[in-house]
Amino acid sequence: RKGSVEIRRMLRGLVNYHIEEDVENYKIYIDAGGVIGNRIDKYTLKTREVDLQDPRHGEELKFSRGGLTFANYPTQVDRFDDVIDILTREVYDKELAEILHSKIENIQEVEVFDHTVRSDLSTWRPPAWHVHGDYTIQSAGQ
C-alpha cells in the first residue's frame, strides 16, 4: 500500500489442463502390464493462460486464511528415491507431523499416507506438469 491506495501487480501464468475426452483416451497406467516402472500416459493436455493472485493480500501467508503456507524445515532424510524404506518413512512422517503442527492452528491429528516422491530422475513418478486431483472416490478408500 502506498498511502491509502493499494498497488497490485497482475501476474499471468501458464497451466496445463486435461481436456474432456472419451474415457478410453484419458488414462494413466502405472506399472502397466505388471512391469514396475512401466508408465503409459494416455491423455491430451491444453495449455491455458490464467490470472495469478497473491492470497496474502500484503500479509503473512497463513494456512487458515489462504489454504496454503510455505515453510522451511530441516530434515534428517538425506536422500529421496522412488521408494522410501520403512525407517526413512518413519523419520519423515514424524517430521511432516511436526511441521504441520507448527504451521497450522487447531490441528488435532496428522495421518501421513501415499509416500509418492516426484522427481525429474524418477521413471516411476515424474513431476506432474498438469492440474490434477490425485484421488477419486474409489481410490481415496484404498
Side-chain angles (χ1 to χ4, degrees), residues 1-2 5-142:
R1 292 181 180 261
K2 190 173 185 179
V5 178
E6 185 174 330
I7 300 172
R8 285 192 171 183
R9 271 190 317 165
M10 180 57 76
L11 298 175
R12 309 260 313 147
L14 298 175
V15 294
N16 297 313
Y17 286 98
H18 290 274
I19 65 166
E20 288 189 41
E21 54 190 324
D22 183 67
V23 71
E24 284 304 311
N25 294 323
Y26 188 71
K27 294 183 178 182
I28 299 174
Y29 299 95
I30 305 294
D31 298 339
V35 178
I36 294 176
N38 186 23
R39 178 184 167 113
I40 299 173
D41 295 316
K42 189 176 179 186
Y43 54 80
T44 305
L45 295 176
K46 182 173 185 176
T47 301
R48 289 232 171 114
E49 189 173 8
V50 297
D51 293 332
L52 302 175
Q53 297 179 15
D54 186 341
R56 298 174 293 178
H57 303 291
E59 300 175 23
E60 178 187 356
L61 185 61
K62 293 189 77 166
F63 187 84
S64 60
R65 283 197 299 262
L68 176 70
T69 191
F70 294 111
N72 288 319
Y73 193 85
T75 182
Q76 294 178 15
V77 177
D78 58 3
R79 183 180 169 121
F80 291 94
D81 294 313
D82 284 352
V83 178
I84 300 175
D85 65 75
I86 292 171
L87 293 175
T88 302
R89 186 179 300 173
E90 288 174 2
V91 169
Y92 197 58
D93 287 359
K94 183 176 181 244
E95 292 174 345
L96 288 172
E98 288 172 1
I99 194 170
L100 291 170
H101 279 289
S102 74
K103 289 293 185 180
I104 302 174
E105 303 91 18
N106 300 319
I107 196 168
Q108 299 275 322
E109 181 180 359
V110 173
E111 180 68 33
V112 181
F113 63 96
D114 189 16
H115 293 81
T116 299
V117 177
R118 293 189 179 269
S119 165
D120 285 331
L121 304 175
S122 175
T123 56
W124 187 61
R125 290 285 199 200
W129 301 110
H130 53 280
V131 176
H132 70 285
D134 283 334
Y135 300 101
T136 63
I137 291 172
Q138 294 81 19
S139 70
Q142 297 174 356

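Position 1 is the first residue of the sequence, and the numbers go up from there.
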Problem set entry | Within 6.0 angstrom of Arg48 CZ, more than 12 heavy atoms from elsewhere | no
For this session: Can you measure from CD (Glu109) to CG (Leu100) and round to the nearest 0.5 angstrom?
Result: 12.0 Å
For this session: Could you grab the distance from atom CG of Leu96 to atom OG1 of Thr75, nearest 0.5 Å is fine?
Result: 8.0 Å
Exercise. Is a side-chain N or O of Glu49 found less than 3.5 angstrom from the main chain of Arg12, in a donor-acceptor match?
Worked result: no
Seminar exercise, completed: d(Asn72 CG, Ile99 CD1) to nearest 0.5 Å is 7.5 Å
For this session: Of all the heavy-atom pairs spanning Ala71 and Lys103, show the shortest one and how long it is.
Result: CB-CE, 3.6 Å
For this session: For the pair Glu98 and Lys94, find out whether any cationic side-chain nitrogen is under 4.0 Å from an anionic carboxylate oxygen.
Result: yes
